[in-house]
Engineer: 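My questions will all concern the structure given below.
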Amino acid sequence: MKAIKSYCIHALLMMVCIFLSASCSAAESSPEIVLIGSTPGDALIKSLLTIPSDTKVDFIRWDLKLNNESANPNSFVLNIAFGEGQPNTSWFKKGEEKRIFEGTFTVSKNENVKMGSTVYHLKSSSWPNRISMVKISENLFHLLTPQNHLMLGNGGWSYSLNRKDTVDSGEILIASVMSEDKSLQLTFDGRTPCRDIAAEHPEMNANKSCFKLKWRLILNRDTVNHLPTTYIIRKIVNNEPRDVSGKWTIIKGTPSNPNTIIYKIDPDKPAESLSFLVGDDNVLFFLNKKNEPHIGNEDFSFTLNKKISK
């Protein structure tokens, strides 16, 4: 009897474990991924989204649902709103125009050999060409040019899309792509959400109403060997510009991804140090203290874009 009782208890425990495992697996493999964000409205993205070229667009707000349900596999619905931005707000000046696109998507791996990651390709009968984006992490995606390069944003918005309901995995899934650029000074601009990064950096003294931060990062290199020397970072917090300077360094690889490159400022001050994942020469992604990409919201992403001299 004891043997039978022991066997029954063991079987019951096994069933509970299997049930919990299946539940966790189902939660992690949700049939729907929702991506949100706001991107610039330059000529390329307007062309891809069939927005007339003469339409004044400061930014485009995205709500992209990727469905993988058995009844409707590999389908998507994209809602966008676009127009002129209302200064000092996250909305539009004269109301927004809206569009809805539906279509299908495919997923390819290692299509961009250098970046070596997963690329989603969106195809709609309303578009002249497909729109592609690379998976930076399970929670962060970035739009690609037709040549499979990361799209370059501006000081206001980037081309990153953020998972609305984040999953636990913050692992970096791409390899950094770098050229032999020998510029002695690199400048990156951007705007990010405030509260998440302010929570990690109390020295910012951001007030409770802070919802965005403006950034300019200037990285200097040695004139002879082109190695990192000094940096200047300007943060506009609570509408007040604050400049900080110091030293920066380059870190190659993380324990989970040896093919990444990270720029780290103030490496000798762990509490105040900031780290950036190098996507390529033009795009940087903010990392948290665990070296995981920060995830933005519908208004701003944690991305900096290289300022290109005209």
Side-chain angles (χ1 to χ4, degrees), residues 114-115 136 140 142 149-160 172 174-192 194 196-198 200-206 212-237 240-294 300-310:
K114 291 183 178 180
M115 189 168 288
I136 306 298
L140 181 64
H142 196 92
H149 300 305
L150 297 177
M151 290 186 71
L152 175 63
N154 54 41
W157 296 275
S158 72
Y159 282 101
S160 296
I172 299 169
I174 66 166
S176 300
V177 180
M178 298 292 292
S179 70
E180 295 300 320
D181 179 21
K182 301 298 183 182
S183 300
L184 297 182
Q185 188 174 84
L186 307 171
T187 302
F188 298 88
D189 292 326
R191 289 189 291 182
T192 72
C194 178
D196 285 353
I197 198 165
E200 278 198 341
H201 293 273
E203 73 275 5
M204 290 184 181
N205 293 318
K212 71 176 179 182
L213 298 170
K214 296 181 181 180
W215 303 83
R216 168 160 289 185
L217 173 63
I218 301 173
L219 302 174
N220 298 308
R221 290 170 163 166
D222 185 88
T223 56
V224 177
N225 56 27
H226 302 102
L227 293 176
T229 56
T230 60
Y231 79 89
I232 300 173
I233 192 167
R234 166 165 285 197
K235 304 183 291 284
I236 298 181
V237 185
E240 299 177 359
R242 305 175 186 176
D243 289 353
V244 178
S245 60
K247 296 180 180 180
W248 68 287
T249 189
I250 296 176
I251 298 172
K252 295 184 178 179
T254 66
S256 61
N257 189 334
N259 299 313
T260 59
I261 296 175
I262 294 173
Y263 292 166
K264 191 166 189 176
I265 65 175
D266 279 334
D268 56 334
K269 301 177 183 177
E272 299 179 20
S273 179
L274 286 170
S275 297
F276 304 90
L277 167 66
V278 176
D280 60 16
D281 288 336
N282 296 322
V283 181
L284 305 180
F285 302 99
F286 279 82
L287 298 177
N288 61 24
K289 296 293 187 181
K290 298 179 181 179
N291 275 342
E292 301 169 345
H294 274 289
F300 306 108
S301 297
F302 284 96
T303 307
L304 294 183
N305 302 284
K306 188 176 181 180
K307 185 175 178 61
I308 305 297
S309 301
K310 296 181 179 180

Engineer: Determine whether a donor-acceptor pair (N or O, by modelled atom type, separation under 3.5 Å) exists between the side chain of R234 and the backbone of D243.
Structural biologist: no

Engineer: Ignoring hydrogens and geometry, is there a side-chain-to-backbone donor-acceptor pair from D266 to S273 under 3.5 Å?
Structural biologist: no

Engineer: Identify, with sequence neighbours excluded, every residue that meets salt bridge (Lys or Arg N to Asp or Glu O under 4.0 Å) alongside R221.
Structural biologist: none

Engineer: Strictly by modelled atom types, are D181 and S183 linked by a side-chain donor-acceptor pair under 3.5 Å?
Structural biologist: yes

Engineer: I'd like to know if the side chain of D222 and the backbone of N225 have a donor-acceptor N/O pair within less than 3.5 Å.
Structural biologist: yes

Engineer: Report yes if the side chains of T260 and N291 come closer than 4.5 Å at any heavy-atom pair, otherwise no.
Structural biologist: no

Engineer: Kindly compute the distance separating NE2 (H226) from CG (N220), expressed to the nearest 0.5 Å.
Structural biologist: 12.5 Å

Engineer: Enter the distance from I233:CD1 to W248:CH2 here, rounded to the nearest 0.5 Å.
Structural biologist: 12.5 Å

Engineer: With a 4.5 Å cut-off on side-chain heavy atoms, are D196 and N288 touching?
Structural biologist: no

Engineer: Ignoring hydrogens, what is the shortest heavy-atom contact between Y231 and L219? Give both atom names and the distance.
Structural biologist: CB-CD2, 3.9 Å

Engineer: Ignoring hydrogens and geometry, is there a side-chain-to-backbone donor-acceptor pair from D189 to G155 under 3.5 Å?
Structural biologist: no

Engineer: Is there a side-chain contact between T254 and I262 in this structure, where contact means two heavy atoms from C-beta onward sitting under 4.5 Å apart?
Structural biologist: yes

Engineer: For K212, does the NZ atom sit with more than 12 other heavy atoms under 6.0 Å from it, leaving out its own atoms?
Structural biologist: yes

Engineer: Between D281 and S179, does any side-chain donor sit less than 3.5 Å from a side-chain acceptor?
Structural biologist: yes

Engineer: Got a donor-acceptor contact below 3.5 angstrom from the S301 side chain to the S160 backbone?
Structural biologist: yes

Engineer: Does the separation of the ring centres of F286 and F276 fall below 6.0 angstrom?
Structural biologist: yes

Engineer: Sub-3.5 Å donor-acceptor pair from the side chain of K214 to the main-chain atoms of G156, do we have one?
Structural biologist: no

Engineer: Considering only heavy atoms from C-beta outward, does the side chain of M204 approach that of L213 to under 4.5 Å?
Structural biologist: yes

Engineer: In Å, rounded to the nearest 0.5 Å, how long is the span from CG of L227 to CD1 of I250?
Structural biologist: 7.5 Å

Engineer: What closest approach, in Å, do V283 and M151 show between heavy atoms, and which atom pair accounts for it?
Structural biologist: CG2-O, 3.9 Å

Engineer: Any chance you could measure K307, atom NZ, to L152, atom CG, to the nearest 0.5 Å?
Structural biologist: 11.0 Å

Engineer: To check you understand the geometry: which heavy-atom pair defines the closest contact between E200 and H294, and what is its length?
Structural biologist: OE1-NE2, 3.6 Å

Engineer: Can you find a heavy atom in the side chain of L287 that is under 4.5 Å from one in the side chain of I172?
Structural biologist: yes

Engineer: Which atom names give the shortest non-hydrogen contact between S158 and N305, and what distance separates them?
Structural biologist: CB-ND2, 3.7 Å

Engineer: I'd like to know whether NZ of K182 has more than 12 heavy-atom contacts from other residues, nucleotides or ligands below 6.0 angstrom.
Structural biologist: yes

Engineer: Would a 4.5 Å heavy-atom cut-off, applied to side chains only, mark I136 and L277 as touching?
Structural biologist: yes

Engineer: Any chance you could measure I218, atom CD1, to F188, atom CZ, to the nearest 0.5 Å?
Structural biologist: 11.0 Å

Engineer: Where do D268 and K247 land on the side chain to side chain contact (heavy atoms under 4.5 Å, CB included) test, with the steps shown first?
Structural biologist: CA-CA 9 Å; D268 56 334; K247 296 180 180 180; 5.8 Å; no

Engineer: Can you check whether R191's main-chain N or O pairs, donor with acceptor, with W215's side chain at less than 3.5 Å?
Structural biologist: no

Engineer: Between V278 and M178, what is the shortest heavy-atom contact and its length?
Structural biologist: CG1-SD, 3.1 Å

Engineer: Closest approach of R242 and E203, non-hydrogen atoms and distance?
Structural biologist: NH1-O, 4.5 Å

Engineer: Just so I know, are the side chains of L274 and H201 near enough to count as touching, which here means a heavy-atom distance under 4.5 Å?
Structural biologist: yes

Engineer: Kindly compute the distance separating CD (E292) from CG (L140), expressed to the nearest 0.5 Å.
Structural biologist: 12.0 Å

Engineer: Apply the test side chain to side chain contact (heavy atoms under 4.5 Å, CB included) to residues I265 and V244: give CA-CA distance (whole Å), side-chain angles for both, the deciding distance (0.1 Å), then the verdict.
Structural biologist: CA-CA 10 Å; I265 65 175; V244 178; over 6 Å; no

